[in-house]
Structure formats: structure tokens, C-alpha cells
Amino acid sequence: MNTKNNMVIIKGEIKTSEIKSCICNESAQNWDVKYNNGKTYTYKFANVEKLIDPEALNPKMYRISREGRELFNVNAIYVFKGDSESYWHICFGDGSERDYRQSELHIKKSCLSHSQSADVFEYIKQIADLSNIRDENTGKKLLAERFEKISFVDEDTALAKYLNPSLLQAEKNVDEYTPIFPFGCNNSQYKAVKNAMENQISVIQGPPGTGKTQTILNIIANVLMQGKTVQIVSNNNSATENVYEKLSSSKYSLGFVAATLGSSHNKKDFIEHQNVNYPDFSSWKIEENQSDLYRKISEQSAQLKNVFDKQERLACLRQELSQLVTELEYFNQYLEESDVNTENIRLKKNLSSKYWMLLWQECQLISENEKTIGLWFKIKAFLKYGITDWNLYKQDISRIITTFQAMYYRTKQVELAAEIADIERYLSSTDENLLEDLCNQWLY
């Protein structure tokens, strides 16, 4: 039996390599199966599944492993689709062939199998060839040589998303990540680290002195917390050395977690200058239950984020109030000149600035359409907004609009002042050393 064109599953087990022929007896509703040893057996129709017309895959576009071991030297892949599962027939370079259930394989597909990704990658390779950064010993172009060695790009990698951004849109939303900040942070750094941990591609930019290195250190800490490793690269040594120096400083003494590699000289220097002066890790052991620790970290991080959000909101409110006060000064001058009385409006409920703005806009629209305020507007203003003073509508519509403007400014000013006072009370009750205390707990 041609194993590249046929797949036979009998009673749930793949038997293709053992079978010489498999013929369906439709009248008897059974299968006559002849094995390679010459024996023939008859099976009920439901016990045999014969699959044909497989999909041939490009083996260069797949990395396949089984039980943690990668399958090497794959020459051909044929995928048979069954009623409930798919089966893979894999041919190897040594002439051997194997059959697998798809469910028992860990399959990684290269994004370069998609024409858009392949075209963009080819373009990047051509750009890399323009770079004149060369190997000190061989004189070869480093970037071009590196790119030529890449023939497989896993669809789950960040590079795949860069080559084809539509893959990002197809992904499901990831769970919200709770970051730690052993190296300290502010609100923008909090957001940067959180975004970096929740997305495969993240760009953090800012002028010198804004804390980019500090943010990198916190990203390193969060990745290490997940049991992963981090590669820090730059187009110059000074940037990576800066990160290493911060880790190695007496304040943190964490230089041992990093290997300063890169150039062949750096690699050689790192290997030759290894030392055994590691910290006493026995003191690093955490007695606390791991789940309890993560819960505590999550609560602390949420508390820190809440403080940052309050601080940011307070700054925005103060700026908004300052702008409102400036507007109000000019508006009050206009009120004095127009002689509009805004003090005697009778209301059966207090209105927020939002509703005063809606009234203002509705009247403005009526005015622009050269209409007068009708009975329907008056009824709606009574039922929805609680305006009981119908004498208000005896004025010219421009004076009514001015009245609503005045009420908006007055109410908005009170609302802003009240919210500012609430946030200031909250922040004054929060420990001013909260960030330092939390950072110390995360670090030690």
C-alpha cells in the first residue's frame, strides 16, 4: 500500500504500514484487510477508516516535536484529515516513514509560508545587505549573513507579527498582566511595563533621563519572574553596558544574572572572567506559599496603579479647573455687560454640568435654525431636567442660552473642586513611602 497516498485506521489505531490492501465490501458493509504477512481479516464498516488524498506540506515551513523531542531531517509531510482527527505521515531523510496523530505532535508553522510575510522578510534582507557592519575577522557583512541563515520564523514570535501585523488582530485578548517594579516606577513606566508584558511588540520612547533604562530593568524582572530568559540588544555597547552596570551596582548586586556577550571579544572575556562570588542563595528562599505571594503582589500592584491613576487624574482636574476659571472670568465680564440674571431659576432637582451642557446645546441648535422655544421643549425640560420656571422662556433665546451657559460653568466648577478635594484626601491618607516599600518587598 502506498503510504503517501493512503492512511488506514482500524479500531482507532494507525495500521497503514502493516497493511498490503484495504478493500471495502459495500454489499456486506465491511472491510477486507490484507496484512503484509499474507493474512486477511474482515472488519465491520464502522471499525475501519481509510483516508486518501492527503495535503502535502512544505517540510521547511514546519518544526515538529513529539514528547518534547524535535523531529529532524524531515523530507516530506502528508496530512490526512479524518472524521474526528487529522493524521500526519512524515518521511525522513534516512528513508524511514512514521505515522502520527496530529494531537500527539507539537507543531510550529513558519509565517514565511504566507506570501506577505515572505515578501516583507525578503525586503528586510535586502535592506540588511546595505548595512556595512562587518565581522572583525572575516570582513563579511554581519546583518546580511545573519538574515541569510534564517529560513524559519515561528508564527508565535514577535517577528512574525512584525512581518504580518494582521496576525496580531487575529489573536485572542490575553489575560491582564500584573507587573512588579523592584526598580521603582512612575505611572508612564507602569503602563510601559504592563504593555510590554501583554504584547509581543512594544515600543517605548522618550528623551534622555526619562527612565527608559529603569523600565528595561523592570521588564527584565517581570520576565525572570515567569522563569524565562531575556536578551538585551543594541546597536552600540554603551546602551547594553548601562543596563548591566545598573544591575551590578551595589544597590542591587544582580550582575550575576546577566552574561555580557555580543562580539567574540565580549564572549571570550565573559568566559575567562567567571567567578564564584555568588550571593548566599539560602537567604533568598521564600517561606510564603507561592499562590499567596502572587496574590499579595497582585494586590500591591493594583494599589500602586490606583495611586498613579489618582495622581494623573488630579493633575488633569487641576488643569481643567484652571482653564475653566479663565473661561469663567471672561464669561462673567460678558454677563455684566448683557445684564442676564442667572440666580432665580427654579429647579425641582439639582442638575449636573452634563445636563446643563445638553440644554445649552439644544437651545443653541434651535437658535441656529431660527426657531423659537416651543411647548415640547418646555415639557421635556420640566420632565427630564426639572426646570419649573416657565418665566425663563419669556426672554430672548440668546439670553436663555446665556443662562444655561452660566449654570454649566457654575456647576462644573463645583464638580471639579469636589473631585479634586476627594482625590487629595485619598492621596494624603496614602503612605507617601508606598512606592519605596513595595519596591523593596518585590526586590527582597
Inset, instruction - Measure from the side-chain N and O atoms of K412 to the backbone N and O of S352, and report whether any donor-acceptor pair falls under 3.5 Å. - result: no
Legend entry - Carboxylate-amine/guanidinium proximity below 4.0 Å for K125 and D129: no
Inset, instruction - Examine distances only and state if a side-chain atom of S110 and a backbone atom of Y62 form a donor-acceptor pair shorter than 3.5 Å. - result: no
Legend entry - Presence of salt bridge, R318 and E424, under 4.0 angstrom: yes
Inset, instruction - With rounding to the nearest 0.5 Å, note down the distance linking OG in S84 to CD in E49. - result: 6.0 Å
Legend entry - Any pair counted as side chain to side chain donor-acceptor pair (under 3.5 Å), so long as it reaches residues 63-79, sequence neighbours left out: none
Legend entry - Distance, nearest 0.5 Å, that separates CG of D119 from OG of S117: 9.0 Å
Inset, instruction - Hey, could you give me the CD1/CD distance between I423 and E419, rounded to the nearest 0.5 Å? - result: 5.0 Å
Inset, instruction - Please round to the nearest 0.5 Å and tell me the distance separating atom CD1 of I64 and atom CD of Q102. - result: 9.5 Å
Legend entry - N199 side chain vs I201 backbone, donor-acceptor pair below 3.5 Å: no
Legend entry - Electrostatic pair E299:R295 at N-O distance under 4.0 angstrom: yes
Legend entry - All pairs passing ring pair (Phe, Tyr, Trp, His ring centres under 6.0 Å) where residues 195-222 contributes a residue, at least two apart: none
Legend entry - CE on M61 to CD1 on I77, rounded to 0.5 Å: 10.5 Å
Inset, instruction - State whether the side chain of T402 and the backbone N or O of S398 hold a donor-acceptor pair below 3.5 Å, judged by distance alone. - result: yes
Legend entry - Distance (rounded to the nearest 0.5 Å) between N242 CG and T213 OG1: 4.0 Å
Legend entry - Qualifying ring pair (Phe, Tyr, Trp, His ring centres under 6.0 Å) pairs with a residue from residues 118-164, counting only residues at least two apart or across chains: F121-F147
Inset, instruction - Verify, without hydrogens or angle tests, whether K212 (side chain) and P207 (backbone) share a donor-acceptor contact under 3.5 angstrom. - result: yes
